[in-house]
Structures are given as structure tokens and as C-alpha cells.
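Quick caveat: nothing in here was measured; it's all calculated off a predicted structure. In what follows, every heavy atom counts, from backbone to side chain, and hydrogens, waters and symmetry copies are set aside. Start at 1 with the first residue, then count along the sequence.
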Amino acid sequence: MISESAIVCQAKPDDPQIVVFGVNSSVVSLNWKTCSGNAGETIRTFSFFRQRPGNIDTEQIASRHANEGFTMIDPFKDKKKYDARLNQELRIFNIEKDDEYIYILEIDYRSSDGAIQKEVFRVTVDVKG
């Protein structure tokens, strides 16, 4: 059975997110604003990951429970490369030419029938120049 997405974000970052090296590469914000579920659904956690295009492996950047702040995952705890903020914003600092990744926001939630579900949103950061 195919069902429609139960999680909706009122605003999403452009996909692909175009970054011109040396022009807008010092800080890039990926923001999925005001994400919520349908009636009867409860969001449990939000997590950010990154993935190299063409690779199946992902690397977790940060996560948070629904009513808490984000916890940065090693090796990103120093917040020099990434900072995860409330309202599902991931800030990326000092993007280099080889920093092309697919960034993933994963939202785990409990559906109205009690099942644990996952919704995944992806954005590719494309570095030019």
C-alpha cells in the first residue's frame, strides 16, 4: 500500500543548492521550516546526514528529539563545519570545492496507527567555481 507523506515542511531549501566557491561559500543555510505531521502523528526525532553523490554510505551530522535542541555528532561537535539549529536548519561553513554532498533531513515519527515511520528530505549542494 502506498500512502502519501504524513510529514510536511512548509518551506524547503532549493534543490540543488548552488554554491559558487568564493562568492557564497562562507555560510550556506539549508532550512526545512515548520515541519509537522497530520492529525494523530507524532514527530519523535530529527536527524541530519550527508552523503557523497553516487555513494550509498551516509554520515550523521546531528540529531534531536522533537522537543529538544540538536546534538552534534563526532567529528562535528566543534561546529566549525556544521551547526544544526531548531526549525530544522543546517548551517554549513567554509564550503570547499570538494564539499559536494547530498544533505538529508530524516524525520522519524509515530503514525496514527502507532507504527514508527520515517520521512526523508534530500538536497544536493553543488559547488561551482
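- Between the side chains of R64 and Q88, at least one donor-acceptor pair of N or O atoms lies under 3.5 Å.
- Checked by atom type and distance alone, the side chain of D15 pairs as donor or acceptor with a backbone atom of T124 at under 3.5 Å.
- Taking both residues in full, the closest heavy atoms of F76 and Q60 are given as CE1-O, 3.6 Å, listed atom of the first, atom of the second, then distance.
- Residue I73 is not grouped with residue Y101 when hydrophobic side chains (ILVMFWY) are merged at heavy-atom distances under 4.5 angstrom, including chains of intermediate members.
- Closest non-hydrogen pair, L105 versus C35, comes out as CD2-SG, 4.5 Å.
- When all heavy atoms are compared, the tightest approach of L86 to G69 is CD2-CA, 4.2 Å.
- The hydrophobic clustering, which links ILVMFWY residues whose side-chain heavy atoms are closer than 4.5 Å, places F121 and V125 together.
- The closest side-chain heavy-atom distance from K81 to F93 is not below 4.5 Å.
- Separation of atoms CG (L90) and CD1 (I104) is listed at 11.5 Å; rounding is to 0.5 Å.
- A ring-centre distance under 6.0 Å is not found for Y82 and F48.
- Between Q117 atom CD and E41 atom CD the span is 8.5 Å, to the nearest 0.5 Å.
- Counting all heavy atoms, side chain and backbone alike, Y109 lies closest to E119 at CE2-N, 4.1 Å.
- Judged by distance alone, the side chain of E100 and the main-chain N or O of V127 form a donor-acceptor pair under 3.5 Å.
- By the 4.5 Å heavy-atom criterion applied to side chains, E59 and P75 are counted as neighbours.
- Side-chain atoms of S111 and D113 include a donor-acceptor pair closer than 3.5 Å.
- Atoms CZ and CG, from F21 and N94 in turn, are 9.5 Å apart once rounded to the nearest 0.5 Å.
- Considering all non-hydrogen atoms of both residues, D14 and V123 come closest at O-CG1, 3.3 Å.
- At a threshold of 4.5 Å between non-hydrogen side-chain atoms, the residues V19 and I92 do not count as touching.
- Judged by distance alone, the side chain of K33 and the main-chain N or O of E89 form no donor-acceptor pair under 3.5 Å.
- Linking Ile, Leu, Val, Met, Phe, Trp and Tyr whenever their side-chain heavy atoms come within less than 4.5 Å puts I95 and M72 in one cluster.
- Nearest heavy atoms, A39 versus S112: O-CB, 4.2 Å.
- Formation of a donor-acceptor pair under 3.5 Å by the N87 side chain with backbone atoms of T34 is found in this model.
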